Each structure stands twice: as C-alpha cells, then as structure tokens.
Amino acid sequence: MNTQATTSHDADTVLQPDVDAVVVGAGFTGLYMLIKLREKGFTARCIEAAPGVGGTWYWNRYPGARCDIESMQYSYQFDEELQQEWEWPERYAAQPDILAYIEHVADRYDLNRDITFETRVEAAAFDEDSNTWLVETDGGETIRARYFIMSVGCLSVPIKPRFEGAEDFGGEVYQTSVWPEEPVDFKGKRVGVIGVGSSAVQSVPLIAEEAEHVYVYQRTPNFVVEAQNRPLGKEEAAAIKADYKRYRQKAWEVQSAFLFPRHDESVFDLSADDRKARLDEQWEVGGLPFLGAFSDILTNDDANREVTDYWESRMRAVVRDPKVADLLTPDEPIGCKRLCSGTNYYEVYNRDNVTLVDVLDSGIERLTPTGLRAAGQDFDLDVIIYATGFDAMTGGVTKIAITGTGGQTIQEKWANGPRTYIGLTISGFPNMFNMVSAGSPSVLATMVTAAEQHGDWVADCLDFMRENGHTRIDATPEAEADWVAEVDRAASVSLRVKCDSWYVGSNVEGKARVFAPYIGGWPPYVAKCEAIVANGYEGFTLTT
Ligand code: NAP
C-alpha cells in the first residue's frame, strides 16, 4: 500500500468551508456529480457559464448538431426508472433532444437549486493552512470549498482564429460552438464555412438546402463515414430496455465503453473478397463503428491503408467531380483524427450551390468588408461561419487561474502537456478532481458512462475521507509519473499519434504535442481506478 497518512495542521484553527464542493460546469459530468454529492450528504455549489444546463449540448446548437454515439448508450444508466422512461426518437440523437434530456434530468433530480448560472469561475487557489479551495467567480464571489471539482468538458473552449480584417466584415458572423438560440435564416444568402471537422460536416448539408450558395473553406480534408442515422424503432428500444442493465454491462466490457459490432480479425486474416464484404457490412453499420471492421485498423499501417482505400472508393462513388474528390481525400491514416460521422456530406459537393475551396496553401488570407479572400480570390459573402474547433482536452482547465501547493499554477504544471494520476487528480493540486478529461479515456469512451464512473469514484473517495477524518488528498509525484508513462505507452502503439489533431493539441499554436486522453481502453482504466481504492487509495497522500 502506497498511501501515506500525515497530520499537517491544528484542527482548532482551521477555517470551515462554505460548501463541501464547488463543481465547475453543468453538463453531463457536473450534473451527475451534483446528484452523487447530494446522495452522499455533501453540500455543493455548481457554477455554470451558460444560462442553462447542458454544457457542450447547450452551446453547440448549429444546424445538424447531433451525437456520434448511439442514444441508447449516450445517456445515464444510474437510475433504471430514468432509462426505462426516456424515449429517444433517433438512433443518434440531435442536439435539441439531448438538451431536452439533460434539462429533464436537472428537473427530475431538482439540481438547478445548487447551480449558479451565467457565472464563470475565474480563479481557484488551494489554501494549504485549511486544506480548502478559494474559488473566485466573475460575479465577484469567493467560495471556500473543501473540494474543487472541474467538470468543464473536453471540447468546450472554442477556437476562433483572428483573421486580418475581421472587424471590417459587414455581414453576419457565427461560430458553430456558440450558436445563437434563435434559428439563423440562410435563405438567399451566400455563406462561407471555415473548417471541415465534425461541426462543419454536420451543418453544411443543412445550410446548403437553404442558402443561395455555400463556400466551404477546407485546409485539411477529413474522413467522413455515413452515420446511417435513422428513427429508433420502438421494438429496437424495447429489446434493449428489456435487459438494459445487461446491455450497459456489456458496454463496460469493451475498449470504448460503446457497444457496436466489432470484429477481432486482422484485415489480413480475410481474403480480398471477404475483406470487401466485411467492409461493406460495416459501412452499413456506419459512423464511428465503421472502424470496428477489423482489429488492427488503428495499429497497423498496411491494414489501415486497405481500409483507407475502401473508404476512398465509397467517397468517389458519391462525388461526381474527380477534382473535388481529390481535394476531399485525406493524406493520413483513417481514424487518426476522430472520424466524422455525417449524413449526406459528400453528396453536398454535387450541388450547384456548394463550392469546396482549398485553402491548404493560402489559408484564409483576410476578411474584407464584403466577404473574404482566400486561394487568391475574393468571395462575396453575407454570412461567415467559424467551424474551427476547440482548445480540446486541457483548454477548459488551463483557462482558469488555478494555483496548487507552493504557488504552482496549472499552466506551469501542464506547460509540457497534461500530467495527471488516472486523469482525475493532479499532484500538487490537492482536493481537486479533473473529471472526464486528459489522462482518462474521456473522449475515447462514451462520455456519459465516463461521467458516471468518475462521479462514483469521486463521491466514494470523499465519503472515505469523511469516514476516516481526512481533509486532504493529493496524488504522489511518483504515482503521477507512472500514470503519465502509462498514458504515453498506450498512445505510442496507436496510429492516432501520427497525424495532427486536437487529440494531440496540434490545432492550438504553441501547445505541447501530447496525446491527451488515455487510449489504453475502458476496462483496464476502470480496473486501475478500482485497484487504487482496493489498495487503500494507493498512490495518494491522505492527510488528517
Ligand atoms: P475540428 O475537428 O477541430 O475541425 C476544425 C476545422 O477548422 C478543421 O477543418 C481545421 O482545419 C479548420 N480550421 C481551424 N483553423 C483554421 C484556419 N485558421 N483556417 C482554415 N481552417 C481552419 O473541430 P469540430 O468540427 O468542432 O470538431 C471537434 C470535435 O468535436 C470532433 O472531432 C468531435 O469529437 C466533436 N464533435 C462531434 C460531433 C459529432 O459528430 N457528434 C459534432 C461536432 C463536434 P485543419 O484540420 O487544417 O486544422
């Protein structure tokens, strides 16, 4: 057992916290944390920047926004009644349905009374004398809490590149990740969309149905696989609900905590004909599960090349202009970046009112009063949409002025990439929990499942501390170093480290290149978290 127990201060002089925990963010993770804290008898304040609950699903309300994990799995499993009662209309839920679900959960468990909306946490500092956090909000409030729980999401800090002349543009400007609540009218308008990630892939086909013309400015092409979304049949849902518990349990046994048909064979175990048949079959499953066709797509370059070639044949069968198809073909392994799950994405480039503009060499040169200049050409636009991504994985944490022991800031601590112990904790930042983020499976698992696993772990940990009179928990530097090495080891055997992506932070200038989520798989990760507890919070220093 690695746990050390020490006494560091006189209990009589200790300042009492205002609440047991401050939770930052009211998305799936923050809401579940509130439920668990209340269940265990802890007091909590949740601080949320938006006017409502939902986190990423509050802000990302652009046309076509929907989840790429199946609805029956992208939902809470802690309450059998809740999961039995809720009905999802589609295989992959659209943003309004997900937001309605999250709002329903907040109402059902009466969570809003503990949430302060339209308020941001700006700073938090650990007070070593009292083993509490002082959390400052932009509302001028300072809250003293025993625990500081960051539930800020992995894709919650939008990036908006600063283009020369941006202030001169006289038209409408939107960003997919902070979309207005009121619907945007594109009728008769010339629209420019910057970026071709998932947000653009989902929105462009719908915008093109309305707009006079859509120009899509592409720097690096992405792989898009048809989502094969459809209404969710009542019988299909009923079959899952008949034994939902077992269904969820099966999901916990797979690497991504996401059930879909996946095959154990290598690409090269099958003859060329059988391989093609397998890929055809998996194409019909669609979306992210397409990568489940073979076991070695993300670990073997040659295997990946076979699947990439197959993907290209599917894309070229749709896109009529071969020059456009050339531009849409990525020069990297499929699945290296997160695969985009789309609906009629490639079809859109056969429309007369859609133009793909290659800006790989030129970039967006500048915005002008009437549009923008790119690829040596001026484009007249009424609307410009930034679909330019996020400071992913770490941005939500590092944008807050967080100070741990000895005056060390989180920005200093993570200057060369995120360092955590099981993702959840950061050595030198006692009593702080970093939920569903860097260093844990997070974006590589089903996020809602990950939120529940982390929420349970943290609530049990706080309970253990209360039972044993501990007021401080901190990961040891050694345990953290071992975990960082494990996160790196797991990433090193994946092709996913090979290309630029938000997984490695390369989309943010100056950010250290580190594969941020833990890619070792869901079951090993859960086993590690459980072993830590079984061994008396191994790898932590607990202080009474
Ligand atoms: P993204 O995948 O990071 O894509 C951003 C796009 O903007 C890229 O094409 C990027 O080009 C481009 N870009 C950035 N700066 C640019 C510049 N200065 N000039 C020209 N182009 C620029 O962001 P996202 O589409 O918002 O998606 C991020 C992640 O959010 C997804 O991978 C997914 O995990 C999640 N998401 C999921 C869904 C879903 O299907 N459920 C929907 C939306 C988002 P480069 O590639 O060349 O940098």
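Quick caveat: nothing in here was measured; it's all calculated off a predicted structure.
With salt bridges taken as basic N to acidic carboxylate O contacts below 4.0 Å, none links Asp138 and Arg120. The pair Asp114-Arg45 fails the salt-bridge criterion, with no side-chain N (NZ, NE, NH1 or NH2) lying under 4.0 Å from an Asp/Glu carboxylate O. Between Asp500 and Lys337, none of the side-chain N atoms (NZ, or NE/NH1/NH2) sits under 4.0 Å from a carboxylate O, so this pair counts as no salt bridge. With respect to Asp127 and Arg144, a salt bridge is recorded, a charged nitrogen being found less than 4.0 Å from a carboxylate O. A salt bridge is defined here as a Lys NZ or Arg NE, NH1 or NH2 lying under 4.0 Å from an Asp or Glu carboxylate O, and Asp391 with Lys399 fails to meet this definition. Ion pairing of Arg248 with Glu452 is absent here, as no side-chain N (NZ or NE/NH1/NH2) approaches a carboxylate O to less than 4.0 Å. Salt bridge status for Arg496 with Glu332: absent, with no side-chain N to carboxylate O gap under 4.0 Å. A salt bridge is defined here as a Lys NZ or Arg NE, NH1 or NH2 lying under 4.0 Å from an Asp or Glu carboxylate O, and Arg489 with Glu486 meets this definition.
Taking the six-membered ring for Trp and the full ring otherwise, Tyr101 and Trp86 have centroids separated by under 6.0 Å. Between Tyr74 and Phe28, the distance separating the two ring centers is shorter than 6.0 angstrom. Taking the six-membered ring where the residue is Trp, the centroids of Trp252 and Trp522 are separated by under 6.0 Å.
The cationic group of Arg246 does not satisfy the cation-pi geometry with Tyr244, failing either the under 6.0 Å distance to the six-membered ring centre or the 45° limit from the ring axis. For the pair Arg466 and Phe464, the NZ or CZ position fails the cation-pi test of under 6.0 Å to the six-membered ring centre and within 45 degrees of the ring normal.
Between Thr119 and Thr116 the shortest side-chain heavy-atom distance falls below 4.5 Å.
Using a 30° and 60° split on the angle between ring planes, Trp483 and Tyr518 fall in the tilted class, from 30° to 60°. Taking the six-membered ring where the residue is Trp, Phe42 and Tyr147 present perpendicular rings, their angle passing 60° and hence far from 30°. Between Tyr109 and Phe78, the angle of the ring planes lies from 30° to 60°, which puts this pair in the tilted group.
Donor-acceptor pairing under 3.5 Å is lacking for the side chains of Gln175 and Tyr62. Under the 3.5 Å distance criterion, with hydrogens and angles disregarded, a donor-acceptor pair is assigned to the side chains of Gln84 and Glu80.
Residues passing the side chain to side chain donor-acceptor pair (under 3.5 Å) test with Asp482, sequence neighbours excluded: none.
Distance check: Met465 CE to Phe540 CZ gives 10.0 Å after rounding to the nearest 0.5 Å.
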